[in-house]
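The structure appears below as structure tokens.
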Amino acid sequence: MTRPTVDLRPASLPPNPSPRPLITQLARPQVMALAAVLLVNWLLFPGFFSITWQDGRFFGSLIDVLNRGAPVAILAIGMTAVIATKGVDLSVGAVMAISGAVAAVLVTNGVSAPVAVLAALGAGLLCGLWNGILVTVLEIQPIIATLVLMVAGRGLAQLITEGTIVTFSDPVLIFIGTGSFLGFPMPVVIALVLMLAATLIVRRTALGLLIEAVGVNRSAARFAGLSANALLLIVYTFAGLCAAIAGLIVAGDIRGADANNAGLWLELDAILAVVIGGTSLMGGRFSIPMAVLGAVIIQAMNTGILISGFSPQFNLVVKSAVIIVILVLQSPLMAQAFRRRPSATPSKPGTQE
Amino acid sequence: MNIIKTLALGAGLSGLLLSAAYAEGLQGKVIGFSQIGSESGWRAAETSVTKAVATELGIDLKFADAQQKQENQIKAIRGFIAQGVDAILVAPVVATGWEEVLTEAKEANIPVVLLDRGIEGPEDLYLTSVASDQVKEGRVAGEWLVNAVADKQCNVVELQGTVGSSPAINRKQGFEEALAGKANLAIIRSQTGDFTRSKGKEVMEGFLKAEGGGANICAVYAHNDDMAVGAIQAIKDAGLKPGTDILVVSIDAVPDIFAAMVAGEANATVELTPNMAGPAFEALDAYLNGGTVPAKFIITESKLYTPADDPQGEYDRRKGLGY
């Protein structure tokens with residue numbers, strides 16, 4: 001993890017002639033952590049890597065990891081942008097519940113699926129906008145501002161569903177959660193497309209740079225002529241949109257909107273994914289693909305625990321132990337230790353691990 | 001929509017209520033009901049059933065929703081005492097901290113009935129408690145499975161409730177009791193699905209992969225119906241037939257498990273009745289009118305439902321109850 005520096009170059013757009021060699025990319029602690037978790041899974045369950053073709057789609061534990069990790073990965077994409085501005089969005093889990101509830105209630109009342117999906121996404125945008133307004137206009141600290149919707153949002157979703165699990169049989173909504181495209185589950189496809197789109201937008205335009213500038217020092221960014229408030233509004237609204245997409249996936253997956261449980265505590269998994277991905281909670285330099293990788297690591301762990309046959313009492317202990325190891329590997333201390341390796345060329349200051 | 005709901009509720013209740021013979025006694029009585037909140041579909045059903053039973057019996061029910069907070073419940077009970085109600089029903093949100101307010105009710109000579117959860121404290125603070133026996137629920141589910149598979153070899157996977165919660169512990173214990181000594185039945189995998197559909201589905205996916213694509217699994221036992229509904233989808237995604245290739249048995253009897261039974265995808269469920277108030281009113285009637293002190297712990301029936309028990313009818317009856 002790098003400390004926020006005044007060096008404002010976007011991380012993954014080094015216009016310098018020599019791109020980082022593949023080997024340093026692979027030596028990142030996140031990639032090693034994922035490899036280690038997958039290896040342990042394989043040791044626990046030899047069939048872990050076997051993928052078969054069944055009913056027109058890939059079928060296997062590895063696909064499960066991607067499929068189940070997709071909602072958190074999508075949340076993490078939005079969360080990365082928020083955290084890069086030195087903020088945090090605790091409400092994304094509740095927004096998932098709201099979005100699923102809106103879509104489910106609308107289709108069960110005869111509204112066509114595309115309209116219901118748009119309405120659900122619109123609800124997510126509104127929720128994000130609300131957070132953004134609290135943070136910018138009212139200048140409430142992000143953790144408090146989004147806590148409001150985290151608590152109230154789930155109640156709102158329960159109001160929409162009238163406290164019941166609203167089940168539906170609409171093929172479009174079900175397709176979003178359980179369909180497949182080119183053999184891959186829809187949630188994976190959606191997460192991948194969103195990741196690529198978001199990464200391209202922040203890295204091929206100045207947006208990423210501006211986000212980092214606001215995260216490193218909001219006042220300085222404003223004095224430098226950036227419209228920090230507009231940027232924050234965009235970032236929180238985007239996080240709301242991501243949450244709404246994740247909410248649609250989760251609802252489609254179980255063919256119902258479960259306002260009590262949809263997205264419950266997933267905001268914490270999303271924050272964890274971002275942190276595992278190496279983005280500092282202090283704002284500044286960020287990486288969306290690494291956050292998605294973080295989400296995959298978390299899910300690989302969850303899936304591993306499921307197939308390992310451990311008693312469920314160990315779930316959280318195992319998970320936290322692995323996470324501690326990953327975070328220690330990423331700590332500045334360990335990063336320094338790695339850099340002192342004799343053969344390695346001295347890394348340039350400001351280059352991400 | 002509301003009219004339909006009310007109609008469905010009326011139709012459903014006539015089935016749920018066993019007898020209304022004792023009804024005359026509570027006509028016009030004022031009874032306060034402090035409910036926890038509406039955190040689950042079952043809780044919502046309990047509220048709507050309680051209200052409907054009270055209407056049917058001519059009880060003036062004062063309803064207070066505590067929104068999962070004990071201080072709200074204590075406030076509500078104090079309010080009931082101040083109003084001088086004839087009796088109080090409480091579904092306690094936590095087990096401790098009730099001595100003071102229940103002593104006040106006792107001093108005011110108002111009988112208190114606990115619904116579906118117990119409290120820690122002197123037993124003379126309340127008239128009786130009405131609750132289900134969670135161990136028995138698990139046992140009924142297990143006994144069904146033992147009979148269903150007869151002598152066949154059967155590997156069972158278990159979807160547990162939230163780790164450490166009392167329904168998860170007790171329903172697991174009851175099920176294991178029923179399977180004890182049966183050499184042909186074994187629980188080969190057990191994981192928590194947190195009582196939710198999505199976790200139930202995810203965990204079942206893992207089980208299916210780990211057990212040869214489901215070939216080694218003969219039955220799934222879920223601690224609640226929601227996890228079973230999720231598991232059914234996972235079984236279908238794996239290309240197997242739930243209910244046939246893999247037997248599905250669960251607990252709660254919510255409407256959607258009956259819909260699954262209609263489709264032939266679920267095999268049995270054990271009812272956790274939302275009608276805790278029926279036995280409570282019965283006990284209050286006997287106490288207020290005849291002075292009969294009821295048993296301290298009234299255990300509700302844990303009824304088994306299978307596809308032979310008119311699942312479509314059960315679904316229709318329950319759909320309007322707020323599950």
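First the proteins, then the strands, lettered A, B, ... as listed; each starts at 1.
Listed options A:Val250, A:Thr52, A:Thr167, A:Asn67 were ranked by heavy-atom pairs under 4.5 angstrom with chain B; first place goes to A:Thr167. The most heavy-atom pairs under 4.5 Å with chain B, out of A:Asp253, A:Asp55, A:Asn315, come from A:Asp253. No other option in B:Arg197, B:Glu211, B:Arg43 has as many heavy-atom pairs under 4.5 Å with chain A as B:Arg197.
Residues of residues 154-169 of chain B having a heavy atom under 4.5 Å from any heavy atom of chain A, listed by number: B:Gln160, B:Val163. Residues of residues 232-239 of chain B that come within less than 4.5 angstrom of chain A, heavy atom to heavy atom, are B:Gln233, B:Asp237, B:Ala238, B:Gly239 in numerical order.
Atoms CG and OG, from A:Leu266 and B:Ser198 in turn, are 8.0 Å apart once rounded to the nearest 0.5 Å. With rounding to the nearest 0.5 Å, the separation of CG in B:Leu208 from CD1 in A:Ile307 is 12.5 Å.
Looking at B:Arg189, the atoms closer than 4.5 Å to chain A (heavy atoms on both sides) all sit in the side chain, from C-beta outward. Neither the backbone nor the side chain of B:Asp194 comes within contact range of chain A; no heavy atoms are under 4.5 Å apart. Looking at A:Phe48, there are no atoms closer than 4.5 Å to chain B (heavy atoms on both sides), in backbone or side chain.
Checked options A:Ile254, A:Ile165, A:Asn261; the residue passing with B:Thr196 is A:Asn261 (criterion: side chain to side chain contact (heavy atoms under 4.5 Å, CB included)).
By the neighbour-count criterion of 12 heavy atoms within 6.0 Å, atom CZ of A:Phe181 is sparsely surrounded, having that number or fewer from other residues, nucleotides or ligands. Taking a 6.0 Å sphere around CZ of A:Phe175, one finds it holds more than 12 heavy atoms contributed by other residues, nucleotides or ligands.
A:Arg68 has its side chain within reach of B:Glu205: a pair of non-hydrogen atoms, C-beta onward, lies under 4.5 Å apart. At least one side-chain heavy atom of A:Ile305 sits less than 4.5 Å from a side-chain heavy atom of B:Gln191.
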Would you tabulate the side-chain donor-acceptor contacts of residues 153-161 of chain A under 3.5 Å, counting partners in other chains and residues two or more places apart, or write 'none'?
residue	atom	partner	partner atom	Å
A:Arg154	NH1	A:Ala259	O	2.9
A:Arg154	NH1	A:Asn260	O	3.4
A:Arg154	NH1	A:Ala262	O	3.0
A:Arg154	NH2	A:Gly93	O	3.4
A:Arg154	NH2	A:Ala262	O	3.0
A:Gln158	NE2	A:Asn260	OD1	2.4
A:Thr161	OG1	A:Ala157	O	3.2
A:Thr161	OG1	A:Gln158	O	3.3
A:Thr161	OG1	A:Gly163	N	3.4
A:Thr161	OG1	A:Thr164	O	3.4

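For the side chain to side chain contact (heavy atoms under 4.5 Å, CB included) test, residues two or more places apart in sequence or in another chain that qualify with A:Trp265 are A:Met150, A:Glu267, A:Leu268.
Taking both residues in full, the closest heavy atoms of A:Pro312 and B:Ser190 are given as CD-O, 3.6 Å, listed atom of the first, atom of the second, then distance.
By the 6.0 Å and 45° rule, B:Lys209 stacks over the aromatic ring of A:Phe59.
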